[in-house]
> 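Here it is: the structure, laid out below.
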Protein chains: 2
Amino acid sequence: MLVNIDLRRYTAKMSTPVLLPLRDVAEYCTPITQGALSAPDAETLARALKVLADPARLRVISLIAASPESEACVCDLVDALELSQPTVSHHLKQLVEAGFLVREKRGTWAWYTLVPGSLEALAKVLVP
Amino acid sequence: MLVNIDLRRYTAKMSTPVLLPLRDVAEYCTPITQGALSAPDAETLARALKVLADPARLRVISLIAASPESEACVCDLVDALELSQPTVSHHLKQLVEAGFLVREKRGTWAWYTLVPGSLEALAKVLVP
DNA sequence: AATCGATATTGACGAGCATCGATGCGATCC
DNA sequence: GGATCGCATCGATGCTCGTCAATATCGATT
């Protein structure tokens, strides 16, 4: 069972890069309405959109953008989202790996900030 | 079993509208980086993004946009996507219900076209 | 160094979803 | 009117993912 799962992830990495799909979107994907999207480009774009397509993760981005210093630590987000701390950490990891957020550890706290231009890059692929 | 499924859909409709999430996005959602997103707005926006966050559906939109008349019938898309016809019909239904496509039946064929401004509405919520 | 607080990771569970074969339904054609 | 073609729906299946409890890790404080 475990062998099967690892094998699938391995083959997935071989075919298309798994991390930072957003960078691949900005670098390689052509705008969606400008000519037919290739199958690999569609996969890359879908992976980036899928990270964004979750209420908790959208609120994370929104909360960070709305905060005074444009940053937030995990405990703030746990209070605001009313989700468990492991769940919030899980969403944050997804957003970092996709290229929407960066993590900076200062002492005990981990501060998350937006990657400038990340949302714009995605929007530009949707609307040229 | 059937009663259970219908009940879930009914209660879902009571809490938040299920159809045309994209219209709700354009009408009610504030831009994601302009102030904190409310929980219902986050749910609505996530539902619209989730419809878009699939390689097959992205390619459908792209194929329609790239076609000469900006329209496509199911059989064209089945050939292009290399998916079964029920699967393609399923994706098309999702895109229509979300407000990205409209369906027009002409004779035996069903023709799908893009809803003008649908992608723009979504992009505007991401980037104000 | 022992403890404590903040965060990350693991494992498991349940819901949702993408996919397909089988079937149903109209419209067209012979 | 029967046969055929295009498309939608149904039921089932296997996978993905959001969530949380438990646990681990790591820095800070005493």
Side-chain angles (χ1 to χ4, degrees), chain A residues 1-2 4-9 11-12 18 21 39 42-43 46-60 71-79 81-98 101-112, chain B residues 1-9 11-12 16 18 21 39 42-43 46-47 49-60 71-98 101-112:
Chain A
M1 179 72 87
L2 263 177
N4 186 20
I5 293 181
D6 286 342
L7 189 60
R8 280 192 296 101
R9 287 188 178 162
T11 53
V18 168
E43 294 247 15
R47 210 171 325 127
L49 284 169
K50 206 164 290 188
V51 173
L52 217 56
D54 179 90
R57 292 194 283 268
L58 286 171
R59 295 189 69 197
V60 164
E71 64 182 6
C73 65
V74 182
C75 51
D76 294 339
L77 297 171
V78 169
D79 292 343
L81 298 177
E82 293 182 321
L83 289 174
S84 73
Q85 176 265 319
T87 299
V88 173
S89 277
H90 163 72
H91 287 309
L92 288 168
K93 186 178 184 180
Q94 301 243 113
L95 288 167
V96 168
E97 288 181 344
L101 299 183
V102 288
R103 183 185 110 116
E104 183 195 355
K105 184 128 187 189
R106 293 204 295 268
T108 309
W109 286 267
W111 294 91
Y112 289 85
Chain B
M1 180 71 87
L2 265 174
V3 173
N4 185 22
I5 292 182
D6 285 338
L7 190 60
R8 281 193 297 104
R9 288 187 176 162
T11 53
T16 52
V18 167
E43 295 247 13
R47 208 171 327 129
L49 283 169
K50 206 164 288 190
V51 174
L52 216 57
D54 179 272
R57 292 194 284 267
L58 286 172
R59 295 189 69 195
V60 164
E71 64 182 6
C73 64
V74 181
C75 51
D76 294 338
L77 297 170
V78 168
D79 293 343
L81 297 178
E82 293 182 320
L83 289 174
S84 74
Q85 177 266 317
T87 300
V88 173
S89 278
H90 163 71
H91 287 309
L92 288 168
K93 185 178 186 181
Q94 300 244 109
L95 287 167
V96 168
E97 288 182 344
L101 299 183
V102 287
R103 184 185 110 115
E104 183 196 354
K105 183 129 188 187
R106 292 205 295 269
T108 308
W109 286 268
W111 295 91
Y112 289 85

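All chains are named by letter (A, B, ...) in the order of the sequence lines, taking the proteins before the strands, and each is independently numbered beginning at 1.
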> Just N and O in the side chain of B:Arg103: are any of them under 4.0 Å from OP1 or OP2 of D:dA8?
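Answer is yes, contact under 4.0 Å.
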> In whole angstroms, how far is the P atom of D:dC7 from the CH2 atom of B:Trp111?
8 Å
> Rounded to the nearest 0.5 Å, how far does OH of A:Tyr112 lie from CG of A:Leu92?
4.5 Å
> Please state how far atom CD in A:Glu97 lies from atom P in C:dT9, giving the value in whole angstrom units.
9 Å
> OP1 or OP2 of D:dT9 versus the side-chain N and O atoms of B:Lys93: is any pair under 4.0 Å?
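Answer is yes, contact under 4.0 Å.
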> What is the distance, rounded to the nearest whole Å, between atom CZ of B:Arg59 and atom C1' of C:dT19?
16 Å
> Just the rounded figure in Å: distance from C1' of C:dT19 to CG of B:Leu77.
17 Å
> Quick one: side chains of residues 102-111 of chain B, donor-acceptor pairs under 3.5 Å with protein atoms, not counting sequence neighbours, listed by atom name and distance.
{"unit_1": "B:Glu104", "atom_1": "OE1", "unit_2": "B:Arg106", "atom_2": "NH1", "d": "3.1"}
{"unit_1": "B:Arg106", "atom_1": "NH2", "unit_2": "B:Glu71", "atom_2": "OE2", "d": "3.1"}

> In whole angstroms, how far is the C1' atom of C:dG5 from the CG atom of A:Asp79?
14 Å
> Using atom CG of A:Leu49 as one end and atom P of C:dA18 as the other, report the distance to the nearest whole Å.
13 Å
> Would you indicate, yes or no, if D:dA8 has its OP1 or OP2 atom less than 4.0 angstrom from a side-chain nitrogen or oxygen of B:Tyr112?
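Result: yes.
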> Treating primed atoms plus P, OP1 and OP2 as sugar-phosphate and everything else as base, which nucleotides of nucleotides 25-30 of chain D get B, S or - for protein heavy atoms under 4.0 Å?
--SS--
> Enumerate donor-acceptor pairs with a distance under 3.5 Å from any side-chain N or O in residues 52-59 of chain B to protein atoms, sequence neighbours excluded.
{"unit_1": "B:Asp54", "atom_1": "OD1", "unit_2": "B:Ala56", "atom_2": "N", "d": "2.9"}
{"unit_1": "B:Asp54", "atom_1": "OD1", "unit_2": "B:Arg57", "atom_2": "N", "d": "3.2"}
{"unit_1": "B:Arg57", "atom_1": "NE", "unit_2": "B:Val51", "atom_2": "O", "d": "2.4"}
{"unit_1": "B:Arg57", "atom_1": "NH1", "unit_2": "B:His91", "atom_2": "ND1", "d": "3.0"}
{"unit_1": "B:Arg57", "atom_1": "NH2", "unit_2": "B:Lys50", "atom_2": "O", "d": "3.4"}

> Identify each donor-acceptor pair in which a side-chain atom of residues 73-85 of chain B lies under 3.5 Å from a protein atom, sequence neighbours left out, and give them as a table.
{"unit_1": "B:Ser84", "atom_1": "OG", "unit_2": "B:Thr87", "atom_2": "N", "d": "3.3"}
{"unit_1": "B:Ser84", "atom_1": "OG", "unit_2": "B:Thr87", "atom_2": "OG1", "d": "2.8"}
{"unit_1": "B:Gln85", "atom_1": "NE2", "unit_2": "B:Ser89", "atom_2": "OG", "d": "3.2"}

> Starting at CG of B:Leu92 and ending at P of C:dA18, how long is that distance when rounded to a whole Å?
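Taking atom P of C:dA18 as the reference, CG of B:Leu92 is at 13 Å.
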> Can you build the contact string for nucleotides 17-23 of chain D? Use B for base contact, S for sugar-phosphate-only contact, and - for no protein heavy atom under 4.0 Å.
-SBBBB-
> Check the distance between C:dG5's P and A:Asp76's CG and give it to me in whole angstrom.
18 Å
